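Inspection log for the structure reproduced underneath, given as structure tokens.
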Amino acid sequence: MTSSLIVLGSTGSIGTQTLAVIQGLKKAPEFLVLAAGHNGTLLREQIKTVLPDAVYLQDAHQAHQIRHEGFEGNIFCQNDGIIELLDYSVSEALKRNGALPTVIVGISGIAGLAPTLHALKLGCRVLTANKETFVAGGILVKPYLDKIVPLDSEHSAIMQCMQGYAPHHISGLTLTASGGPFLTWSPSELHTVTPAQALKHPKWSMGAKISVDSATLMNKGLEVIEAHWLFGLPYHAIDVAIHPQSVVHGAITFTDGSMLAHLGPTDMRIAIQYGLLLPDRGAQPQGVRSLRLAELGMLAFHPPDTAQFPCLALAIEAGRLGQAATIVLNAADEVLVKRFLNGDIGFLDITKGVEKALDSCRSLPNQTSTISSLDEVFALDAWTRALTGNLIFKNPSYSV
């Protein structure tokens with residue numbers, strides 16, 4: 001276990017589960033830093049429970065309240081504060097124990113890219129569940145891949161399967177997908193999907209954005225792009241299989257045609273604990289029951305229906321087009337999912353809007369994969385958000 005730990009997005013799903021893992025370990029980090037967004041209420045509870053040495057909260061007023069309530073550690077706030085927090089934490093960790101801290105990135109969306117890249121440049125090992133780091137900035141983090149450990153269950157599974165094997169022995173990989181809440185719905189039924197229905201994932205407890213992405217299968221498309229960057233495999237070597245039971249989280253294919261798969265319970269604490277303790281293995285998290293093959297029964301696998309869920313195909317197409325296209329894909333999806341959750345557009349309009357954004361991207365001059373800076377990423381991201389935020393859909397497909 002690392003002696004110093006920074007948890008970015010401590011009040012989100014990954015952050016709260018990370019703190020649960022830490023509390024279950026025999027040895028807690030000696031230096032702990034928490035960074036939240038706007039959820040000051042939950043951050044206060046976490047301060048009382050895990051006693052961090054420093055915190056970040058985006059809202060300055062709430063940060064002032066935390067100070068007023070007696071927190072004696074360093075407090076950082078507002079947009080630049082998270083970078084200042086990282087600089088302070090690295091300096092302080094080196095002073096205290098002579099080692100760089102480990103950084104957990106549980107921030108969702110493109111907001112996680114800049115702090116992730118900054119932590120990597122500082123030399124930190126980064127455990128990340130932020131797909132957008134790769135989808136929008138894969139070319140920027142590529143030089144630091146040896147310091148990145150994925151926390152998504154699928155990519156953690158692939159990483160574990162690959163341990164001990166030379167890259168030239170691996171010809172492909174398979175990411176599994178539960179299929180989301182609408183796997184058996186007909187195209188006509190998808191016109192009536194409400195935000196409340198889209199947020200009810202059958203297997204995983206996740207945030208709103210990722211839950212909707214799982215319902216459209218965009219999430220699996222983003223994971224394909226992430227896998228391409230993480231494991232250096234071409235898109236034709238990355239397969240997706242619908243697996244409703246969510247027992248097999250990923251598999252690799254060897255050059256001789258055989259496969260090695262990772263099976264496990266649907267509990268993110270296992271992947272988080274694996275990343276924290278690597279190369280060691282920890283004890284079974286409390287409340288997690290070991291799998292028994294004889295009790296699993298039938299496990300089903302089948303190819304995804306990209307006609308019913310075209311977001312998956314759009315994401316893979318964007319990946320093949322290059323980094324600019326995946327930046328556009330990601331920004332368009334973030335805006336359109338938010339519009340859907342706000343009741344502004346329908347469920348199927350998410351796909352229509354992403355497709356329109358990618359069509360517009362193709363018409364831009366010099367929009368290839370030559371993205372070389374954060375400024376270029378954010379400029380293209382802003383252009384896409386303005387475009388998709390103003391899209392008007394004919395006969396919007398939402399239920400009143």
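The model shown is predicted, which means the values in this text are computed figures rather than measured ones.
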Is there a donor-acceptor contact under 3.5 Å from the side chain of [X] to the main chain of [Y]?
X: Gln286; Y: Gly24; answer: no
X: Arg339; Y: Leu391; answer: yes
X: His243; Y: Ala300; answer: yes
X: Thr326; Y: Val135; answer: yes
X: Gln284; Y: Val288; answer: yes
X: Asn219; Y: Ala215; answer: no
X: Ser360; Y: Lys356; answer: yes
X: Asp349; Y: Gly346; answer: yes
X: Glu376; Y: Ser372; answer: yes
X: Glu132; Y: Ile327; answer: no

Sub-4.5 Å side-chain heavy-atom contact between [X] and [Y]:
X: Leu127; Y: Val103; value: no
X: Tyr56; Y: Ser10; value: no
X: Pro101; Y: Val33; value: no
X: Pro52; Y: Phe31; value: no
X: Leu296; Y: Val247; value: yes
X: Lys220; Y: Asp213; value: no
X: Ile6; Y: Ile104; value: no
X: Ile252; Y: Met259; value: no

Mind checking what makes side-chain hydrogen bond (donor to acceptor under 3.5 Å, both in side chains) contact with Thr133, not counting sequence neighbours? Asn130
Intermediate values then yes/no, side-chain contact (heavy atoms from CB on, under 4.5 Å), Asn330 and Thr384: CA-CA 9 Å; Asn330 180 72; Thr384 307; over 6 Å; no
Return the [atom1] to [atom2] distance between [X] and [Y], rounded to the nearest 0.5 Å.
X: Lys142; Y: Ile148; atom1: NZ; atom2: CD1; answer: 12.5 Å
X: Leu85; Y: Asn74; atom1: CG; atom2: CG; answer: 9.0 Å
X: Leu8; Y: Leu34; atom1: CG; atom2: CG; answer: 10.0 Å
X: Gln245; Y: Ser178; atom1: CD; atom2: OG; answer: 10.5 Å
X: Leu19; Y: Ile14; atom1: CG; atom2: CD1; answer: 11.5 Å
X: Leu217; Y: Glu223; atom1: CG; atom2: CD; answer: 10.5 Å

May I ask you to say whether Asp359 pairs ionically with Arg362, meaning some side-chain N is under 4.0 Å from a carboxylate O? yes
In short, ring pair (Phe, Tyr, Trp, His ring centres under 6.0 Å) pairs touching residues 132-154 with sequence neighbours left out are none
Any pair counted as ring pair (Phe, Tyr, Trp, His ring centres under 6.0 Å), so long as it reaches residues 79-125, sequence neighbours left out: Phe76-Tyr88
Can you give me the closest heavy-atom contact between [X] and [Y], atom names plus distance?
X: Thr11; Y: Gly37; result: OG1-N, 4.2 Å
X: Gln323; Y: Gly138; result: OE1-N, 3.0 Å
X: Pro115; Y: Ala111; result: CD-O, 3.3 Å
X: Leu230; Y: Pro150; result: CD1-CB, 3.8 Å
X: Ala136; Y: Ile110; result: CB-CD1, 4.0 Å
X: Leu329; Y: Ala318; result: CB-CB, 4.2 Å

Phe347 and ring pair (Phe, Tyr, Trp, His ring centres under 6.0 Å): which partner among Phe309, Trp185, Phe340? Phe340
Scan residues 227-236 for pairs that pass side-chain hydrogen bond (donor to acceptor under 3.5 Å, both in side chains), counting only residues two or more places apart or in two chains. none
According to a 4.5 Å side-chain heavy-atom criterion applied to Ile, Leu, Val, Met, Phe, Trp and Tyr, with indirect links allowed, do Leu140 and Val149 form part of one hydrophobic cluster? yes
According to a 4.5 Å side-chain heavy-atom criterion applied to Ile, Leu, Val, Met, Phe, Trp and Tyr, with indirect links allowed, do Phe71 and Val50 form part of one hydrophobic cluster? yes
Within residues 44-56 or reaching into it, pairs that qualify as salt bridge (Lys or Arg N to Asp or Glu O under 4.0 Å) - sequence neighbours excluded: Arg44-Glu69, Asp53-Arg96
How are the rings of Tyr165 and Phe254 set to each other: parallel, tilted or perpendicular (split at 30° and 60°)? tilted
Which of parallel (below 30°), tilted (30 to 60°) and perpendicular (above 60°) describes His262 and His249? tilted
Taking atom [atom1] of [X] as the centre, does the number of heavy atoms from other residues, nucleotides or ligands within less than 6.0 Å exceed 12?
X: Asp146; atom1: CG; value: yes
X: His302; atom1: NE2; value: yes
X: Lys338; atom1: NZ; value: no
X: Glu295; atom1: CD; value: yes

Could you go step by step and tell me if Thr176 and Glu154 meet the side-chain hydrogen bond (donor to acceptor under 3.5 Å, both in side chains) rule? CA-CA 7 Å; Thr176 57; Glu154 296 84 357; 5.3 Å; no
Decide yes or no on side-chain contact (heavy atoms from CB on, under 4.5 Å) for Lys131 and Ile210, but give the supporting numbers first. CA-CA 10 Å; Lys131 300 174 183 64; Ile210 192 172; 3.5 Å; yes
Yes or no on side-chain hydrogen bond (donor to acceptor under 3.5 Å, both in side chains) for Ser156 and Gln160, after CA distance, side-chain angles and deciding distance? CA-CA 6 Å; Ser156 175; Gln160 292 178 59; 2.9 Å; yes
Residue of the set Thr253, Leu233, Asp239, Leu260 for which side chain to side chain contact (heavy atoms under 4.5 Å, CB included) holds with Leu173: Leu233
Would Asp80 and Glu84 count as a side-chain contact (heavy atoms from CB on, under 4.5 Å) here? Give the steps. CA-CA 7 Å; Asp80 292 338; Glu84 295 171 1; 4.3 Å; yes
The ring-ring contact (aromatic ring centres under 6.0 Å, His included) partners of Phe378 (sequence neighbours excluded) come to none
side-chain contact (heavy atoms from CB on, under 4.5 Å) assessment of Leu151 paired with Thr128: CA-CA 5 Å; Leu151 293 183; Thr128 182; 5.9 Å; no
